Amino acid sequence: MTLDWKEYESTARQAVAEGLVLLKNENSALPVEKGAKVALFGRMQAHYYKSGTGSGGMVNVPKVWGILDALKLEDITLNETLLQAYEKFEEANPVAADNGFGNGSWSQEEMPVSDELVEKAASDSDIAIAIIARTAGEEQDNVDKPGAYRLSDTEADMLRKVRSAFSRMVVVLNVGAVMDMNVIDEVGPDAILYAWQGGEVGGLGTADVIMGRTSPCGHLADSIVKDIAKASAAGGFGDLDRNFYIEDVYVGYRYYRTFDRDAVAYPFGYGLTFTTFGITDPALTVNGSLTKDAAKDAAFILSAKVKNTGDFKAKEVVQVYVSAPQGSLGQPVLKLAGFAKSEALAPGETESVSIDINAYTIASYDDSGVTGFKNAYVLEAGKYKFYVGENSEDVTLAGEFEIPETAVIEQLLAQMVPASGFDRVRPKEAKATDKAGLPEYEKCTEAVPIAPLKDAEEAKADRPECKPYTGDQGIKLSDVRSGKADMEDFLAQLSDEDLSAIIRGEGMGSPKVTVGTAAAFGGVSPALKDFGIPCGCCSDGPSGMRLDSGARAFSLPNGTLLACTWNTELNEKLYAYLGQEMSYNGVDFLLGPGMNIHRHPLNGRNFEYFSEDPLLTGRMAAAQLRGMHKSGVSGTLKHFCGNNQETHRHTEENVISERALREIYLKGFEIAVREGAADSIMSTYGPVNGIWTSCRHDLLTNILRREWGFKGLVMTDWWTNLGDVGKPIAKNTFSRIVLSQNDFYAVCPDASVNSVNDDTLTALESGVITRGQLIRSARNICNVLMTTNAMRKLVGEKQEVEIINRPDAEEMTDPFEVQYYKIEDGTVIDLSGVDTKPGTTFALGFDIEKRGCYYIELVGGSDLSEFAQIPVAVFYQSVPGGTFTFRGTNGGWMTVERKIAMAARYGVMKLKFMGNRLKLKEMRFTYEKEVDADKIWTDYQDYIIG
Ligand code: BGC
């Protein structure tokens, strides 16, 4: 296999251009013509956010192409005075370092601009482009404050001054997710472009649109509200302990379309191009009978013609929405039922699109029995109307059909029913209609059906049989793979001890797989390895690989941007390239796609996820999986499910009706399992409806495997708590995940021994769990491992990947050549041979048997004078840990020291040399004290943490 880096970059660049959403374009503001004089405002022009922060953002890249970098390559003149003013500001106000997890700020201080500066720039320029940038991320939600969800006063002031001085003004938003638009709308730029976070080539893709090489054609994957207090989930987001999902299935546009159209500033699905389109001849074909018994097999085809009626080549997104009868369940006025993206159509060109929709996609789940069919997906009797449009607000009737009698589409069993009662919203009387004749409703509430928690008993009662223990019969996993032996005979050889090891993931930074990755699983002990079980390697995601060794990986556009492309083929193509890169690096599973629903605009990790809509979410994830599968690797859907808030994510409980779970929060996952053949899933940190998700048998066995037919493995989120709400929780009661069929715990420092005092063997001995249940997870793990490169490598079938067209200088750290050192009190690592040329990085692996806080002393020197400063940036597990600054020592040695809190068994430290003529001697370690892993992000601010 050959991975052509240039193709990879250009596909990502195309994805960026297709994901940008143009909200407004008046006064011919965009595109910018060649030769134009451009004044670039906003201090973040030089600091493009390629992604948000946390595990999803830690991709090592040699360079990020920001918007300024990209515009410098264009045939335009950038206002020099302004550039210099920003450079000067930069010197005095460098961008603050961000440690990545829960401690970053959402924006950087903006440069105040004077009237004179702006007016001077205006008199010398044709157009102003103002850049506003935001980050957000893991462990920390966004906040509705200036400088975060809102503009800061300095940013607002800058935009106002620019508006009054320039006759042509564009605002570009380099943000992970939607932000408040009030001030921007009030300022009234001529054009507004959501550029999102486009990964390492983000600036280049953005410039393609700004300069008009590509027409924007992205459409919002979320609604943007005028007032965040009116967001659909506003009443049930942000509580530190427990959030009730009172908006139920009315999430995002489903809510606004049904109850509050006026709340919306920019609707879901909205986005402009540089041309205009006509969607004509919409038609509906119904295949099959719609009677009570036959409707479940009915299929619908929506067809329409798309014509480019303007004068610029562009792509159009055709969105199909269904409006179901209110019936007794109550329904959102519109639900996305399908979509298609056209090819790039030349002016005057027409394309026919046809979108297949089945009955299940448009059915609703009755969790109360009000339709007469409890726990069933139904199509209630009445008229179903299909609409087509370019967004959720502006739709035209395409056709309708009638269901004569309520039809059961799929009868299921009650699962995950909340035990705590609360009221959810539903429509009451219609109060107004829009131009398409669609109503808007008064809101009322109804009680959510509840049921006592019985999941623990059901999990215990689910006791699969297994063959009795045989001991080693000489069967290897490769024999099962080649059909020579039976899986059950293979598994019967594993001792209880082996089974207790196979459900332990190892990491982070396990040396058993590619250095600096998140987990190794499977053949983690010598005995398991002897049975020919390889170690699978998982690396974060979702927007490129996180390799804490410092190895170079490609940073892809973020989830929001990719969803806004509405282009499944492009997502598939891009992730096929990522798959090849994973294969090159020995990574079997990406920890992504991230696919939680954008339930509330302030969720810190929205940038990683796709959309407020489950169909769009599921289709994007399925496409990305198909791409990775093409390249022989796979992805891990995360976080399953209901992980919709970062604040207190380890303990905060989400209380959700069964209907909302099935129609919204599980639906994307279901689509990715059914349409994307998912084989790996990560459960969440927090509990849903009374139980931590990793311990829910109904979720991980009944719904996932029995209903959806999932054949893969489930892993926990990293170091998650396990247990039930209101009872003591622990991280080592692995018996709970064995019962639920959450196949391995991620992660233990050393999986070959019981390093976290897990209860697996004692629970087995006391009969709390059975050998059959352990075998069940071992089977899931082995079945998946047989399809991996790790296995192919073992049996000599792995196709090596060659990377071509990647500049040599980009080969940062060789992923396979990091040396590990045992760290203990008194360890000294000789660094005398290290190449310290500026720009070079050096990575070293730590194996820390006695975890804790250590002093590290780095000894080095330089023949420069004592006034010289030679900084060395330090990253631990890819998290920036500040700088060691050496001074010139006239040839002698000096020692710089820091404290480091090492809570994990393995770690990778990367040193990046940034000054001339440094010579290193050694690194010394002195044990200071114990470390509390649970408080690592809060109580160790004075330490380098990892
Ligand atoms: C995140 C996951 C991530 C894992 C490994 C967790 O904190 O929630 O999304 O994959 O860490 O880095």
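The residues of the chain are indexed from 1 along the displayed sequence. Model, not experiment: these values are computed from the prediction. For ligands, and for the atoms within them, numbers begin at 1 and follow the listed sequence.
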Need the ligand 1 atom indices (1-based, order shown) with element for anything under 4.0 Å from a heavy-atom of [X].
{"X": "Leu591", "answer": "10 (O)"}
{"X": "Trp718", "answer": "4 (C), 5 (C), 11 (O)"}
{"X": "Lys638", "answer": "2 (C), 3 (C), 9 (O), 10 (O)"}
{"X": "Met508", "answer": "12 (O)"}

Below 4.0 Å from ligand 1: does a non-hydrogen atom of Tyr685 turn up there or not?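 Heavy atoms of Tyr685 do come under 4.0 Å of ligand 1.
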Measuring from the heavy atoms of Glu138, does anything fall under 4.0 Å of ligand 1?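 Contact present.
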Give a yes or no on whether a salt bridge exists between [X] and [Y], defined as a side-chain N under 4.0 angstrom from a carboxylate O.
{"X": "Lys793", "Y": "Asp588", "answer": "no"}
{"X": "Arg905", "Y": "Asp847", "answer": "yes"}
{"X": "Lys731", "Y": "Asp759", "answer": "no"}
{"X": "Arg552", "Y": "Glu200", "answer": "yes"}

Listed by chain and number, what are the side chain to side chain donor-acceptor pair (under 3.5 Å) partners of Ser583, not counting sequence neighbours?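 Only Asn789 meet the side chain to side chain donor-acceptor pair (under 3.5 Å) criterion with Ser583.
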Which bit of Arg649 is near ligand 1, meaning a heavy atom under 4.0 Å away: side chain, backbone, both or neither?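 The part of Arg649 near ligand 1 is the side chain, not the backbone.
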Does Arg605, backbone or side chain, put an N or O under 3.5 Å from an N or O of ligand 1?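 Indeed, backbone or side chain, Arg605 has an N or O that close.
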Look at the side chain of His598 and the backbone N and O of Tyr609, then say whether any donor-acceptor pair between them is shorter than 3.5 Å.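 Checking the backbone N and O of Tyr609 against the side chain of His598, a donor-acceptor pair under 3.5 Å is found.
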4.5 Å side-chain heavy-atom contact, Lys899 and Ile944: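 Lys899 vs Ile944: side chains apart.
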Who gets closest to atom 9 (O) of ligand 1 by heavy atom: Glu139, Arg546, His639?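 Considering heavy atoms of Glu139, Arg546, His639, the nearest to atom 9 (O) of ligand 1 sits in His639.
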